[in-house]
There are 2 protein chains.
Amino acid sequence: MLNIHKVAEEAGVSVATVSRVINNQGTVAKKTQEKVEKVISRLNYEPNMLGRNLRNSESRLIMVLVPTISNPFYAQIVQGIEDIVRKENYNVFLCTTDSEPEREKVFLDYVRQKLTDGVIFMDPAVEVEMLQDLANRYPVIQCCEYNEDLNIPYISIDDTQASYKAVKHLITMGHEKIAIINSDETFQYARNRKKGYLKALEEYGLPIKDEWILKNSELNFEAGQNSMRKLLRADDKPTAIFAVSDILAIGALKRMNEEGLQAPEDIAVVGFDNIPFASMTNPALTTIAQPMYEIGSQAAKMLFQKINTPDEPVSSTLLDNELIIRESTLG
Amino acid sequence: MLNIHKVAEEAGVSVATVSRVINNQGTVAKKTQEKVEKVISRLNYEPNMLGRNLRNSESRLIMVLVPTISNPFYAQIVQGIEDIVRKENYNVFLCTTDSEPEREKVFLDYVRQKLTDGVIFMDPAVEVEMLQDLANRYPVIQCCEYNEDLNIPYISIDDTQASYKAVKHLITMGHEKIAIINSDETFQYARNRKKGYLKALEEYGLPIKDEWILKNSELNFEAGQNSMRKLLRADDKPTAIFAVSDILAIGALKRMNEEGLQAPEDIAVVGFDNIPFASMTNPALTTIAQPMYEIGSQAAKMLFQKINTPDEPVSSTLLDNELIIRESTLG
DNA sequence: ATAATTGATGTAACGGTTTACATAAATTAA
DNA sequence: TTAATTTATGTAAACCGTTACATCAATTAT
């Protein structure tokens, strides 16, 4: 086994001296230092991180829990996280949970088990008590999806206000029959976006119909296509659609295209997130831009607050969002 | 500190007994077991993974190094990896390198430092000697991007043959002026795809022009758009384009769209990868489908071969690929 | 020349877990 | 009843690195 003892032995010094050289604390005589360094590079020695972290009870590792990486939405957020984390000389381990509680649990245990120093959690599906319990003892930040009943700092946007804005835009464009393609309402964001949708319709006295309110348990193109298929078969066809995710909106646009329909002439479509691909579609997609990078970097900053001053409370934030108007709603 | 000693003390047993209960080895008397379990759940104890892994010199953790998660191409591969890895009762840590050698190095050190049991490496930019050295001592698999001069197992596709197929398709459709939008030729795949492109042109005696051969250091929509802008300004405009990535192809399509041009009528476009978005564009994109899920799951299987039988050689594989013909080339 | 200070290095405990081996108690065999 | 075996539990070393404290040598001060 190649370890610090072996190096010490080869160099004819004690392990303490080797350790001092590795963590260059400057208290080692020059020639001893050189001697040790020579042995280290000759043997190709790397300190074992388990031993080191165990001793230091610190890993300088952050875990980021995402449901999936197939939605580019997360890519930008992770970029924001990475940039801050690296600046602090930490590194990021990204873990995908598929929103499965058991998988989330396994990864969260890594925090309890001291493998990582903290966690940024998007889209938690795990039981709330267990999450709260974890957050009481370790640094945890909720990012994007959150539960405000918990005493865990979160960073997100005001989904209700954002979707209200999106739907109001459709109303301003003259639409009166507006459908929503939503995801699973177990998610807070889905409930909030529906709330904003309903609020806008009520405010303008527009009809609310069950057949215009669709839910999807999966969030992918196919779900968007399926939802659009259903809407095109509705007794009373909507003239505009608000999809709570660009992915769903793009699937919907595709379905229209397959049926020979045009956006916005036949049906206008608004998405949500402003993933890079949203501007690449034809027609380009009107959408709510979340400040993804900013969300990520803020989340990381909040996490470091918790790590560095565990006893001081970290305040939660809702960031601004922006309606990006493109061809899919512009007559 | 809450540790196994504390639990042992509270339960009035030795640490060995607690350890046996945790790893339920069945050699503990029923009532002792219950007593210990009660204490464990009362104190909310979780074994420290650093201590455990240090002792066992095993982490049951796999590191996957990707340049970025913003290209959905990687999402599918990672899915393939995850499914196998979980089946083996391991977990995946995903790390993004931005193809920066220093970042790659930091993560690779985690393997040396025993934090993870192996690595699947896509798109290595790190110095080859260091990678080879790592692979000599730890389980490493090259995935997608690879260097065949190294003695490190790889899984990928035959890029030369695939791009030859793509370009031949364009030729079959009657095109004689065919451009390539490539990425950085420091990458093996980029060199191979160019090779296939040239081979097809040569075989059919078609012209090869410098102004039809474009390179991009970044691989994103903007790069695709920029390349297309250049091609549209060429003295001799191509009638067909082979892009070595769907992302580039989609950017190129967008640029055409902005200029009021249609694919394939004005210029035909072929992409590479068959990311989910590729079928969502309008027109839908003709592309080379890489068996992404399969690549990922194979990579994981190969890694476990290395982990479980370190001394037996693992053979490298090139998987089949398929040309998916869609609207962007179909007159 | 002696005492006091500085500098370089070593010793050993500690962080948390697992497990070979030892021991004690309980059971079975003779 | 005694010896042999089985079962349950405990002791202590091992995994690897860090660091407070101790030690010794060398330098500086008096």
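Computation of the quantities below employed the complete heavy-atom set of this structure, encompassing side-chain atoms and omitting hydrogens, waters and symmetry-equivalent molecules. Predicted model, so just to flag it, every value in this text is computed and none were measured. All chains are named by letter (A, B, ...) in the order of the sequence lines, taking the proteins before the strands, and each is independently numbered beginning at 1.
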Exercise for review: Would you kindly check whether a donor in the side chain of Arg20(B) faces an acceptor in the base of dG10(D), or vice versa, at under 3.5 angstrom?
Suggested key: yes

Check your understanding: Roughly, in whole Å, what's the span from CD1 in Ile40(A) to P in dG17(D)?
Key -> 10 Å

Check your understanding: Among the nucleotides dT18(D), dT9(D), dT11(C), which one has an atom lying closest to any side-chain atom of Asn56(A)?
Key -> dT18(D)

Review point. Is there a donor and acceptor pair closer than 3.5 Å between the side chain of Arg55(B) and the base of dT17(C)?
Key: no

Check your understanding: Given atom NZ of Lys30(A) and atom C1' of dT9(C), what is their separation to the nearest angstrom?
Key -> 18 Å

Review point. Salt bridge or not for Asp83(B) and Lys87(B), using N-O below 4.0 Å?
Key: no

Practice item. Would you check if the distance from the ring center of Phe304(B) to the ring center of Tyr90(B) is below 6.0 Å? Key: yes

**Study point:** Between dT17(C) (C1') and Lys114(B) (NZ): distance, integer Å
**Key:** 17 Å

Practice item. Classify the nucleic acid contact of Asn53(A) as base, sugar-phosphate or nothing, counting any heavy atom under 4.0 Å across all strands shown. Key: nothing

**Study point:** Glu102(B)/Arg86(A) salt bridge by N-O under 4.0 Å criterion
**Key:** no

Practice item. Pick base, sugar-phosphate or nothing for Val18(A), based on heavy-atom distances below 4.0 Å to the nucleic acid. Key: nothing

Review point. Can you tell which of dG17(D), dT9(C), dT18(C) lies closest to the side chain of Val15(B)?
Key: dT18(C)

Point to revise | hbond_proxy Arg52(A) side chain to dC16(D) base (donor-acceptor, 3.5 Å cutoff) | key: no

Review point. Which whole-number value in Å describes the distance from Glu9(B) CD to dG10(D) P?
Key: 13 Å

Exercise for review: Ignoring backbone atoms, test whether Asn3(B) places a side-chain nitrogen or oxygen under 4.0 Å from the OP1 or OP2 oxygen of dG16(C).
Suggested key: yes

Check your understanding: Which part of the nucleic acid does Thr17(B) contact within heavy-atom distance under 4.0 Å: base, sugar-phosphate only, or nothing?
Key -> sugar-phosphate

**Study point:** Asn23(A) CG - dT9(C) C1' separation (whole Å)
**Key:** 16 Å

Check your understanding: Taking only N and O in the side chain of Tyr45(A), is any of them less than 4.0 Å away from OP1 or OP2 of dG17(D)?
Key -> yes

Review point. When you check the gap from the basic side-chain N to the acidic O, do Arg103(A) and Glu82(B) get nearer than 4.0 Å?
Key: yes

Exercise for review: Rounded off to whole Å, could you give me the CD-to-C1' distance for the Glu46(A) and dG17(D) pair?
Suggested key: 14 Å

Exercise for review: Send over the distance from Lys6(A) NZ to dG17(D) C1', rounded to a whole Å.
Suggested key: 18 Å

Practice item. For Ile4(A) and dC16(D), give me the distance from atom CD1 to atom P, rounded to whole Å. Key: 11 Å

Point to revise | Aromatic ring pairing Tyr154(B)/Tyr146(B), orientation class (parallel under 30°, perpendicular over 60°, tilted between) | key: parallel

Check your understanding: Distance check: side-chain N/O of Thr32(A) vs OP1/OP2 of dA8(C), anything under 4.0 Å?
Key -> no

Check your understanding: Within a reach of under 6.0 Å around NZ of Lys6(B), are more than 12 heavy atoms found that belong to other residues, nucleotides or ligands?
Key -> no

Exercise for review: Select base, sugar-phosphate, or nothing to describe what Leu54(B) touches, counting heavy atoms under 4.0 Å on all strands.
Suggested key: base

Point to revise | Touch class at under 4.0 angstrom, heavy-atom based, for Ala29(A) against every strand present | key: sugar-phosphate

Practice item. Establish, with yes or no, whether the OP1 or OP2 oxygen of dT11(C) is under 4.0 angstrom from a side-chain nitrogen or oxygen of Ser14(A). Key: no

